[in-house]
Every structure is written in C-alpha cells, then in structure tokens.
Amino acid sequence: MRKLRSVLAGYMTENLKMPKDLVYGDALISITGRHELYIENYRSIIEYSNTQVKLQTKNGKLLIIGKQLQIVYYTSDEMKIIGYLSEIKYE
C-alpha cells in the first residue's frame with residue numbers, strides 16, 4: 001500500500017504538475033532574513049517559549065531556535081514567527 005501511495009504521489013507531481021508540498025503534505029517554510037519565518041502545513045504546537053518553538057508536522061517535528069521568538073499569528077495550518085532566528089531543525 002505504501003509503495004502504491006508513493007508511485008501515485010510521484011505521478012501526481014510529475015505528470016499533473018501538482019505541488020509536492022500539497023501531494024506529500026510537507027511543511028512549507030519561508031524565511032525572510034533572520035527575523036521572520038512563515039510556516040504552512042503544520043499540525044500542532046508542541047512547545048512554545050521565547051527561545052524555541054517546536055511544531056508537529058505530518059512527517060516529524062520541526063524545532064525553531066532563537067531569541068525573543070513570538071508567534072505573531074497562527075491558524076489551523078499556518079503561522080508566522082518573528083524574533084532572532086538562529087536554527088531550524090528537523091527531528
């Protein structure tokens with residue numbers, strides 16, 4: 001079943017020109033300099049402080065580390081974080 005799903009996803013991205021983040025459900029991250037981060041397709045907030053934000057995504061956990069971090073806004077599938085960004089890690 002997993003192999004079929006992978007083949008189908010590959011077909012959709014290659015032949016139907018569908019975006020990979022949509023087909024695979026991957027998180028989409030946009031960074032503006034070292035002070036702004038925009039994330040789409042996350043599932044939940046696991047941890048939030050002024051030095052780190054940990055998010056659950058479909059394919060694992062995403063850790064944002066920095067100083068004076070603030071979640072400016074969030075919805076069920078997107079958010080904007082500001083502050084001094086120093087690291088972004090996948091766990």
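Just the heavy atoms: all of them, side chains too, but no hydrogens, waters or symmetry mates, feed the values below.
With rounding to the nearest 0.5 angstrom, the CD1 atom of Ile46 is 4.5 Å from the CD atom of Gln56. Atoms CG and CZ, on Asn59 and Arg43 in that order, are 8.0 Å from each other to the nearest 0.5 Å. Atoms CD1 and CD, on Ile81 and Glu36 in that order, are 10.5 Å from each other to the nearest 0.5 Å. For the atom pair CG (Asn41) and CG (Leu55), the distance works out to 12.0 Å, reported to the nearest 0.5 Å.
Each salt bridge (Lys or Arg N to Asp or Glu O under 4.0 Å) pair with one or both residues in residues 81-91, not counting sequence neighbours, appears once here: Lys54-Glu91, Glu87-Lys89. Note on residues 36-73: no pairs pass ring pair (Phe, Tyr, Trp, His ring centres under 6.0 Å), not counting sequence neighbours.
Every residue was checked against the salt bridge (Lys or Arg N to Asp or Glu O under 4.0 Å) condition with Glu78, not counting sequence neighbours, and none meets it. Qualifying side chain to side chain donor-acceptor pair (under 3.5 Å) partners for Thr75, counting only residues two or more places apart in sequence or in other chains: Asp77. With sequence neighbours excluded, the residues forming a side-chain contact (heavy atoms from CB on, under 4.5 Å) with Thr51 are Ser49, listed by chain and number. By the side chain to side chain donor-acceptor pair (under 3.5 Å) test, Glu47 pairs with Gln52, sequence neighbours left out. Under the side chain to side chain donor-acceptor pair (under 3.5 Å) criterion, Gln70 pairs with no residue, sequence neighbours left out. Every residue two or more places apart in sequence or in another chain was checked for a side chain to side chain donor-acceptor pair (under 3.5 Å) with Asn50, and none qualifies. Listed by chain and residue number, nothing satisfies the salt bridge (Lys or Arg N to Asp or Glu O under 4.0 Å) test with Lys67 (two or more places apart in sequence, or in another chain).
Listed by chain and number, the hydrophobic cluster partners of Tyr84 come to none, as no ILVMFWY side chain reaches under 4.5 Å of it. Through direct or indirect side-chain contacts shorter than 4.5 Å among Ile, Leu, Val, Met, Phe, Trp and Tyr, Ile65 is connected to Leu63.
The hydrophobic cluster containing Ile29 also contains Ile64, counting ILVMFWY residues as joined when their side-chain heavy atoms lie under 4.5 angstrom apart, directly or transitively. Both Ile45 and Leu62 are part of a single hydrophobic cluster, where members link through side-chain heavy atoms under 4.5 Å apart. Both Tyr90 and Ile31 belong to a single network of hydrophobic side chains, linked directly or stepwise wherever heavy atoms of I, L, V, M, F, W or Y lie under 4.5 Å apart. When the side chains of ILVMFWY residues are joined at heavy-atom separations under 4.5 Å, either directly or via intervening members, Tyr74 and Ile82 end up in two distinct hydrophobic clusters.
Closest approach of Ser86 and Gly66 over heavy atoms only: OG-CA, 3.6 Å.
Between Leu37 and Leu69 there is no side-chain heavy-atom pair separated by less than 4.5 Å.
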